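Numbering of ligands and ligand atoms starts at 1, following listing order. Since the structure is predicted, the reported quantities are computational estimates derived from the model, not experimental observations.
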Amino acid sequence: MEVKSTVKIGILQFDPVPGDIKANIKKIDRLFETVQDADILVLPELASSGYNFKSKEEAFNSSESISDSLFIDFLIQKAKELNTWFVSGINERENNKLYNSAVLISPDGLEGIYRKMHLFNREKLFFEPGNTGLPIFETPFGLVGILICFDWMFPELWRVLALKGAQIICHPSNLVLPFCQSAIPGYALTNRIFIATANRVGTERDLTFTGQSVLVNPNGEYLLRGDHRNEEVLTADINPELAENKQMTLLNDAFDDRRTDFYSIEVNEDHETMKREKKILRKKIQKRKKQYNEDQLKTIGQDAMAQLEDTKEFKEAKTIFIYWSLPDEVPTHELIEKYRKEKRFILPRVVGDFLELREFTGIESLEQGNSFGIQEPTGPVFSDFTSIDLAVIPGLAFTRNGHRLGRGGGYYDRTLPFLENATKTGVAFPFQMVARVPFDTHDIPLDKVIAAHKTH
Ligand code: ACM
């Protein structure tokens, strides 16, 4: 998906009619008429139903299931008509359970759902705590994350979404306390992301909502601030790509400088989410890679190989497991050729689901394999895994503390456990270094990652 560099993003605040979905559709529809050419609009929490329910029964009466929802049908129809994406709160019913949810809607339909994790006050009487985790979504405006209202109190959520690559966090809200609007700039600044908080206005029973919806940029500056009681839609143009740059000074990067050797943030997510997010990350890295031609990649990659060559582990290694690089990988051919008389190089060959290891016995002994178009060794099969003292591992993305994302076949994940005595070293282009890679607990982290310098 190509990401647009100028995106018109809007925050809509209104005073819903409690319990009346049709009336709220009408109100929102009228407010849409005041906006032109928005790319994405964020609506408040529980925009379909209002907020301050007397009882679970009352909450139930204005809930809808995702598959049968007037409110979602309306948003999809408007998304098509206006060519606009929406993030909106909705009172969601699933069987007998209610969730305080938000939907992401595009002109193609429903793109995703997030269920509020941190329920505020009496919401705990009506709603189940969210069980969707913290998904990120691909949009033409970059990667989008969603949080709902009181979720804002938990810094881990903003951080996790930002580490996952979210460039914009949409934040449908029904805020009654006065604190959030002044906390948002801090979250936007420390995570270097855009945040759009759409907060409702009005009074329902004993609760008055604080309005003042905000849009904040990665410098923590307010781009938009709504009125404290007017119903309105405000829009501004942003460039979501700015959220890709976490650098603070020439020598400081908000993400790279984190001391993950002393602290880190744990994310529990299911296998499906992880698979989805690996796919998103792979696409993102492939897109970055496409900005370079083969010669440029080779020049950049040679810097990583020069660093590798200079390590104690390489100098001392007698048997090295390494890959024979493809044109879009950090190039290994020259290093192998240069040292082939002094060291033993072992290359992988794909056999079924596994890598068979074979000795490199010269370029003429390589042949085109069946998988990925890789040149594979035809030398003798090598099974003395424990004699391998250095393993040089390719990948699509790496973190500084050794987590790796491969192409998706899992070949290296299955091989690494056998290389007990090897220093497992990833080699990377600078654009392959990321803040976070989804990893399973059984994944073996690499001992180190060598990234080419950015100066090319
Ligand atoms: C809130 O979470 N609606 C305050």
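Shown in contact with N174 at under 4.0 Å from a heavy atom are these atoms of ligand 1, numbered in order with element: 1 (C), 3 (N), 4 (C). Counting the atoms of ligand 1 from 1 in the order shown, those under 4.0 Å from a heavy atom of F120 are 1 (C), 2 (O), 4 (C). Atoms of ligand 1 lying under 4.0 Å from any heavy atom of E45, numbered from 1 in the order shown and given with element: 1 (C), 3 (N). Per-residue contacts place E123 under 4.0 angstrom from the following atoms of ligand 1 (heavy atoms of the residue considered): 1 (C), 2 (O), 3 (N).
The pair K284-E244 meets the salt-bridge criterion, with a side-chain N (NZ, NE, NH1 or NH2) lying under 4.0 Å from an Asp/Glu carboxylate O. No salt bridge links E313 with K424; every basic N to acidic carboxylate O contact stays at or beyond 4.0 Å.
Closest to atom 2 (O) of ligand 1 among all protein heavy atoms lies K116 NZ, 2.7 Å. Looking from atom 1 (C) of ligand 1 to the surrounding protein, the closest heavy atom is C149 SG, 2.8 Å.
Under a 4.0 angstrom heavy-atom cut-off, H118 registers as lying outside contact with ligand 1. At least one heavy atom of Y51 lies less than 4.0 angstrom from ligand 1.
Legend: residues meeting side-chain hydrogen bond (donor to acceptor under 3.5 Å, both in side chains) with K289, ordered by chain and number and at least two apart, are D328.
For the pair R414 and Y411, the cation-pi criterion (under 6.0 Å, within 45° of the ring axis) is fulfilled. For K246 and F255, the positive end sits near the middle of the six-membered ring, less than 6.0 Å away and at most 45° from its axis. A cation-pi arrangement is present between R93 and F60, with the terminal nitrogen or guanidinium carbon under 6.0 Å from the aromatic centre and inside a 45° cone about the axis.
Contact annotation for F150 and ligand 1: heavy atoms of both the backbone and the side chain come within less than 4.0 Å of the ligand.
The list of salt bridge (Lys or Arg N to Asp or Glu O under 4.0 Å) pairs with a residue in residues 390-400, not counting sequence neighbours, is empty.
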